[in-house]
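Okay, structure first, notes after.
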Amino acid sequence: MTTVTLLHPGSMGAAVGAQATAAGHRVHWVPDGRGNASHARAEQAGLIPAESLDEALAASDLVLSICPPHAAEQVASAVAASDYRGIYIDANAISPQRMLRIEANMARECTVVDGAIIGPPPTDDRSARLYLAGNEGTLGLLAKVFAGSSVHVREVGPDLGAASALKMAFASYQKPARALAGVAHALATSHGVADLLTAEAQTMSSQILSDPDYLPSVAARAWRWAPEMLEVEETLQAASLPTDFAQAAAAVMEHWEQNKDITLPLATILSQLHDAEPEQASHAASQDLA
Ligand SMILES: NC(=O)c1ccc[n+]([C@@H]2O[C@H](COP(=O)([O-])OP(=O)(O)OC[C@H]3O[C@@H](n4cnc5c(N)ncnc54)[C@H](OP(=O)(O)O)[C@@H]3O)[C@@H](O)[C@H]2O)c1
């Protein structure tokens, strides 16, 4: 049995905490400063309230930070300021750079693990993936904590920041796609063609992010797609809708305009999107911090 401090029981945190308690672990939470909804979720998840952060940490082998991304560094700082010397997992949607700052500020005796959660809050019938990067032995231990639960642990590798980078890459597509759908429906609605948009969209492939091999053919057509985005921009502007995505799409496609009707290898067209030589993300960032 492992004793965990969960910071904090939001909709994802409480669901992950419930999976850990169901797997036989003790999960503490810190009610101080949290609102009514967190209290209710914690109680429902069977979490154990602690008088203070220090009390929870003193009893724990593992800290799981699952909070809004903008609070991740502050939550980590409170743990860093304590006497805690166990495993600290940051499972938030944060940049690899912020992840490395968190690691740099934690006590050296702590083992910091980079985590990222993808999927819905887990239940007995619905799973979420917990991607973890860090020390191999520690990842093996963590996989055992959630073994048999609806939190499916996936080991990314030893480089801290790699799990966060995966989350950032996924979010960089998934969340803008939802916002884009909002703008497209607002535009169609303002022209009275929303039903036709929905019907047409039902014929589209939904395999966009999972089909990178299609991208070279996109790059080959970017020379005419970029100007089309400028037509979209004018249409959005006339409807008083945000034009930012259309401008951004045109700017991205301009990186590929040189490939007019030429299908190049995937690696080539992806490298054309970088404004400069990409850093070796986590290695370079950790050297900067050292
Ligand atoms: N929900 C999902 O479907 C989902 C999916 C994948 C990944 N995630 C990841 O899970 C993390 C948490 O998301 P969530 O959906 O669980 O969020 P949430 O429901 O908004 O819960 C956030 C928790 O953190 C607490 N909190 C809010 N502001 C805080 C602050 N400034 N300092 C410290 N704690 C604070 C909240 O407490 P009070 O509100 O009571 O103060 C609450 O207990 C995020 O990093 C997110 O990317 C979530």
Side-chain angles (χ1 to χ4, degrees), residues 4-21 27-50 52-54 56-57 60 62-82 84 88-103 105-106 112-133 142 146 149-154 156 160-179 209:
V4 180
T5 291
L6 175 79
L7 304 171
H8 294 282
S11 48
M12 179 54 82
V16 170
Q19 292 294 315
T21 54
V27 181
H28 293 283
W29 75 290
V30 184
D32 188 31
R34 302 280 61 85
N36 292 340
S38 292
H39 279 254
R41 284 185 295 254
E43 194 176 334
Q44 201 183 359
L47 311 187
I48 306 160
S52 65
L53 177 64
D54 282 340
L57 294 177
S60 297
L62 179 66
V63 173
L64 198 44
S65 170
I66 306 180
C67 66
H70 67 268
E73 225 164 326
Q74 196 191 329
V75 165
S77 297
V79 175
S82 75
Y84 180 70
Y88 185 87
I89 309 177
D90 184 297
N92 299 307
I94 58 171
S95 70
Q97 291 71 23
R98 192 179 299 282
M99 184 64 230
L100 292 170
R101 282 201 294 276
I102 285 172
E103 199 249 348
N105 291 333
M106 202 56 74
V112 177
V113 174
D114 170 29
I117 305 171
I118 301 185
T123 63
D124 290 347
D125 323 311
R126 209 171 56 180
S127 67
R129 275 78 58 210
L130 172 60
Y131 289 91
L132 297 175
L142 297 173
F146 289 104
S149 80
S150 296
V151 177
H152 295 174
V153 170
R154 303 229 168 126
V156 180
L160 233 62
S164 291
L166 171 66
K167 176 74 182 183
M168 292 295 97
F170 187 76
S172 76
Y173 175 82
Q174 181 221 15
K175 290 187 167 77
R178 295 292 187 192
L209 188 59

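We count ligands from 1, going down the list as the structure has it; atoms in each ligand are counted the same way. Along the sequence shown, residues carry numbers from 1.
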Sidechain-backbone polar pair: Asp114 side chain, Gly161 backbone, donor-acceptor under 3.5 Å: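 Such a contact is found between Asp114 side chain and Gly161 backbone.
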Shortest non-hydrogen separation from Ile102 to Glu73 and the atoms involved: CG1-CG, 3.8 Å
Heavy atoms from other residues, nucleotides or ligands near CD of Gln44 exceed 12 (cutoff 6.0 Å): no
Say whether [X] and [Y], considering side chains only, have a donor N or O and an acceptor N or O under 3.5 Å apart.
X	Y	result
Ser65	Asn92	yes
Thr5	Ser60	yes
Ser95	Arg98	no

Provide, line by line, the atom pairs where ligand 1 and the protein bring an N/O atom each to a distance under 3.5 Å; else say none.
unit_1: ligand 1; atom_1: 15 (O); unit_2: Ser11; atom_2: OG; d: 3.1
unit_1: ligand 1; atom_1: 16 (O); unit_2: Ser11; atom_2: N; d: 3.2
unit_1: ligand 1; atom_1: 16 (O); unit_2: Met12; atom_2: N; d: 2.8
unit_1: ligand 1; atom_1: 19 (O); unit_2: Ser11; atom_2: N; d: 2.9
unit_1: ligand 1; atom_1: 19 (O); unit_2: Ser11; atom_2: OG; d: 3.1
unit_1: ligand 1; atom_1: 34 (N); unit_2: Arg34; atom_2: NH2; d: 3.4
unit_1: ligand 1; atom_1: 37 (O); unit_2: Arg34; atom_2: NE; d: 2.8
unit_1: ligand 1; atom_1: 37 (O); unit_2: Ser38; atom_2: OG; d: 3.2
unit_1: ligand 1; atom_1: 40 (O); unit_2: Gly35; atom_2: N; d: 2.7
unit_1: ligand 1; atom_1: 40 (O); unit_2: Ser38; atom_2: OG; d: 2.6
unit_1: ligand 1; atom_1: 41 (O); unit_2: Arg34; atom_2: NE; d: 3.0
unit_1: ligand 1; atom_1: 41 (O); unit_2: Arg34; atom_2: NH2; d: 3.0
unit_1: ligand 1; atom_1: 43 (O); unit_2: Gly10; atom_2: N; d: 3.3
unit_1: ligand 1; atom_1: 43 (O); unit_2: Ser38; atom_2: OG; d: 2.8
unit_1: ligand 1; atom_1: 45 (O); unit_2: Cys67; atom_2: O; d: 2.9
unit_1: ligand 1; atom_1: 45 (O); unit_2: Asn92; atom_2: OD1; d: 3.3
unit_1: ligand 1; atom_1: 45 (O); unit_2: Ala93; atom_2: N; d: 3.2

